[in-house]
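For reference, the structure discussed in these notes is given below.
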Amino acid sequence: MKNLSKHCVDFIDDAKLDSLATGVKEDKARVREIIAKSMEKKPLAVEETAVLLSAESPDLIEEIFNAARQLKKDVYGNRIVIFAPLYIGNYCVNDCVYCAFRRSLRTTVRKTLNQDELIGQIEALEDAGHKRLILVFGEHPDYTADFMADTVRAVYSIRKGPGEIRRVNINAAPMDHEGYKKVKDAGIGTYQIFQETYHHGTYAKVHPAQTHKGDYLWRLDGLSRAFEAGCDDMGIGALFGLYNWKFEVLGLVTHSHHLQKTYGVGPHTISFPRIRPAHGVELDEKYFVSDYNFKRLVAILRLSVPYTGMILTARETAEVRREVMSFGVSQIDAGTRIELAGYTKKGSQELNKEQFQIGDVRPMEEILRDLMDNGYVPSFCTSCYRSGRTGQIFMEYAIPGFIEKFCTPNALLTLEEYLLDYAGAETRKTGEKLIASELSKISEGPQKKKLVERLNNIKNAGERDLYF
Ligand code: SAM
Ligand code: SF4
């Protein structure tokens, strides 16, 4: 028997969300009223989010874009946190129609990293300067909670030169309470589960009933069990392109409210992957999301859940990422390879070994330079999670002065480490200029003095891993 969470309830009402997604008429005054509310950093109700989704006039949509840009600046500043995904194994018992790892696809090359391969991948990621990873697993009896926990511990223990992985997140199938406890004990950061589609009918269509993933409620309830088992850092997401994008936005906001209301803590992050071409996958394109609507959904999510981190992955092209970033993204992956053991391989993507095709294949350093050229500060900060500032104890960003006190200094300290240990001469020059310019914006006082001291200790005394 499956043990669901204590407060398990199916909180997604298809008829209600469908009617909010399609039945709300654009009312300019009301849209502007809600934009104004969101600018006060107040989370929006599902019905209010539906009003923003109803905006169809280009000028009104432009106002939503501008508000999202402003809110991102106010809440997150110009930092972008950098991570990389690491696929551990692509065996899978499920049969999701959109995924190249689905079990019925015999032509996919299957693999689980062995110990030596894991070490090789981590060393390569550390050599690129990475500090934060998300481990990705198919769903398979081999990938037990113990296996995942052991993998997490192994990742933390692998060190090459000045390299170390300081935060390991997981994206995998939902588990039971006991499983979550095991991975939590191994020191994971975020546990991420995407509902894929919140629409029941579509969910059933793309996840065959006799598979594990075919159980909608087990998945919807997955992060509630995670919370009850002690993981207070959760990531939600929807795979855009399976059903009406407006419905999925409302589903994400409903899920966020449910976690907040039930457990006092909303999701730490929201992901909004768009379906990509994949080996052996042919999908009806009816619900595919255009670039313009993608921008709308990111901007509206930003306004609806002002304090939730938003993740934009390398599924998107460099051009799309550059543009969408300004609407409220707080984390991106860089130097991404999703082929199993791909971080030690040269050459282009081989689709029969990968879950889907990625859109941004640039190396890490190129992405970082691009970010800095556009005024962003790449950050490798892992401080909150390591200082116990997670969940209810410490709602990130909700505290006045949070960015000035923690985020900006930690971004600059970790960027300095990167520049010294991993960057080429050109990147280092760009980065040092950026750090100096960011320092000049910080007002004089004990906090700045401490930061300058720590930057000097990194530069001149070889110290590492200094954080606030
Ligand atoms: N097997 C676990 C699961 O399904 O929860 C791990 C997740 S999977 C390896 C990571 C995510 O990739 C999925 O949750 C899904 O949203 C996304 N994904 C699958 N196929 C995709 C495709 N063709 N294009 C873009 N994203 C895809
Ligand atoms: Fe398996 Fe996840 Fe792919 Fe579904 S999305 S087939 S569960 S790896």
Side-chain angles (χ1 to χ4, degrees), residues 85-106 108-113 134-145 147-148 151 169-175 179 183 190-198 202-203 205-208 210-216 218-223 226 234-243 248 251-252 269-285 287-289 294 311-317 320 333 336 338-340 342 349 351-360:
L86 176 64
Y87 279 69
I88 301 295
N90 67 352
Y91 285 90
C92 195
V93 295
N94 292 319
D95 219 10
C96 316
V97 299
Y98 46 79
C99 179
F101 293 167
R102 69 181 188 276
R103 71 168 185 218
S104 59
L105 200 58
R106 303 284 172 212
T108 299
V109 179
R110 308 277 170 177
K111 186 178 178 61
T112 304
L113 298 185
I134 182 149
L135 307 186
V136 187
F137 299 82
E139 182 164 6
H140 190 269
D142 285 354
Y143 309 149
T144 59
F147 173 75
M148 288 188 204
T151 308
N169 301 328
I170 286 185
N171 180 319
M175 301 199 268
V183 292
T190 310
Y191 200 95
Q192 199 179 62
I193 302 172
F194 302 157
Q195 185 63 22
E196 318 298 10
T197 171
Y198 284 91
T202 306
Y203 190 93
K205 244 193 262 166
V206 298
H207 305 111
Q210 68 282 14
T211 60
H212 283 205
K213 198 155 163 180
D215 188 340
Y216 178 100
W218 178 250
R219 195 167 181 89
L220 188 68
D221 186 57
L223 291 170
M234 300 159 291
I236 63 172
L239 181 57
F240 281 87
L242 296 172
Y243 189 60
E248 306 296 11
L252 287 167
T269 56
I270 290 194
S271 301
F272 30 85
R274 267 195 297 185
I275 289 192
R276 295 282 304 156
H279 168 68
V281 171
E282 271 181 46
L283 290 173
D284 183 351
E285 299 188 7
Y287 291 115
F288 280 18
V289 180
F294 188 59
I311 302 179
L312 178 64
T313 70
R315 288 177 182 82
E316 303 298 335
T317 61
V320 169
D333 52 339
T336 299
I338 61 170
E339 176 182 334
L340 275 289
Q349 279 200 277
L351 279 190
N352 63 341
K353 295 182 176 166
E354 317 195 9
Q355 195 182 18
F356 48 80
Q357 188 173 36
I358 57 173
D360 188 351

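Each ligand, and each atom within it, is numbered from 1 in the order the structure gives.
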Checking a contact table here: which protein heavy atom is nearest [atom], and how many Å away?
{"atom": "atom 3 (C) of ligand 1", "answer": "R219 NH2, 3.5 Å"}
{"atom": "atom 13 (C) of ligand 1", "answer": "E196 OE2, 3.3 Å"}
{"atom": "atom 4 (O) of ligand 1", "answer": "K213 NZ, 2.7 Å"}
{"atom": "atom 21 (C) of ligand 1", "answer": "F356 CD2, 3.6 Å"}
{"atom": "atom 7 (S) of ligand 2", "answer": "N94 ND2, 3.3 Å"}
{"atom": "atom 7 (C) of ligand 1", "answer": "N171 OD1, 3.0 Å"}
{"atom": "atom 18 (N) of ligand 1", "answer": "Q355 NE2, 3.9 Å"}
{"atom": "atom 3 (Fe) of ligand 2", "answer": "C99 SG, 2.3 Å"}

- How long is the span from the CD atom in E339 to the NZ atom in K111, to the nearest 0.5 Å?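 Atom-to-atom, E339:CD and K111:NZ are 9.0 Å apart.
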- Task: Could you grab the distance from atom OH of Y216 to atom OH of Y198, nearest 0.5 Å is fine?
- Result: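 If I round to the nearest 0.5 Å, the distance is 7.5 Å.
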- Query: Which heavy atom of G179 sits nearest a heavy atom of A145, and at what distance?
  - Reply: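 Where G179 meets A145 most closely, the heavy atoms are CA-CB, 3.5 Å.
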- Task: Indicate whether the side chain of D95 and that of S104 have a donor and an acceptor atom separated by less than 3.5 Å.
- Result: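 Distance-only check passes for D95 and S104.
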- Query: Judged by modelled atom types alone, do T112 and Y143 share a side-chain donor-acceptor pair under 3.5 Å?
  - Reply: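 Yes, Y143 and T112 have a side-chain donor paired with an acceptor closer than 3.5 Å.
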Proximity to ligand 1 by part of [X], non-hydrogen separation under 4.0 Å:
{"X": "C96", "value": "neither"}
{"X": "F101", "value": "neither"}
{"X": "Y98", "value": "both"}
{"X": "H207", "value": "neither"}
{"X": "R274", "value": "backbone"}

For ligand 2, which atoms have a heavy atom of [X] less than 4.0 angstrom away?
{"X": "C96", "value": "4 (Fe), 5 (S), 6 (S), 7 (S)"}
{"X": "C92", "value": "1 (Fe), 6 (S), 7 (S), 8 (S)"}
{"X": "Q355", "value": "3 (Fe), 5 (S)"}
{"X": "K213", "value": "2 (Fe), 4 (Fe), 5 (S), 7 (S)"}

- Message: If you take the nearest heavy atom of each of R315, Q357, R276, H279, which one is closest to atom 26 (N) of ligand 1?
- Response: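 Nearest heavy atom to atom 26 (N) of ligand 1 lies in R315.
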- Message: Is there a side-chain contact between R315 and R274 in this structure, where contact means two heavy atoms from C-beta onward sitting under 4.5 Å apart?
- Response: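 Contact flag for R315/R274 side chains = no.
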- Indicate yes or no: at least one non-hydrogen side-chain atom of Q349 is less than 4.5 angstrom from one of I358.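 Result yes, sub-4.5 Å side-chain heavy-atom pair found.
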- Per-atom contacts, ligand 1 versus V136 - under 4.0 Å to a heavy atom: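 Close to V136: 9 (C).
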- Query: Does an N or O from F137, backbone or side chain, lie closer than 3.5 Å to an N or O of ligand 1?
  - Reply: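 Between F137 and ligand 1 (N or O atoms, distance only) the closest approach is under 3.5 Å.
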- Would you say I275 touches ligand 1, if touching means a heavy atom closer than 4.0 Å?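 Yes.
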- Task: Report yes or no: does D333 contribute a side-chain atom to a donor-acceptor pair with the main-chain N or O of A314 at less than 3.5 Å?
- Result: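 Yes, D333 side chain to A314 backbone: donor-acceptor pair under 3.5 Å.
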- Message: Centroid separation under 6.0 Å, is that true for the rings of F101 and H279?
- Response: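 No, the ring of H279 stays outside the 6.0 Å limit from the ring of F101, centre to centre.
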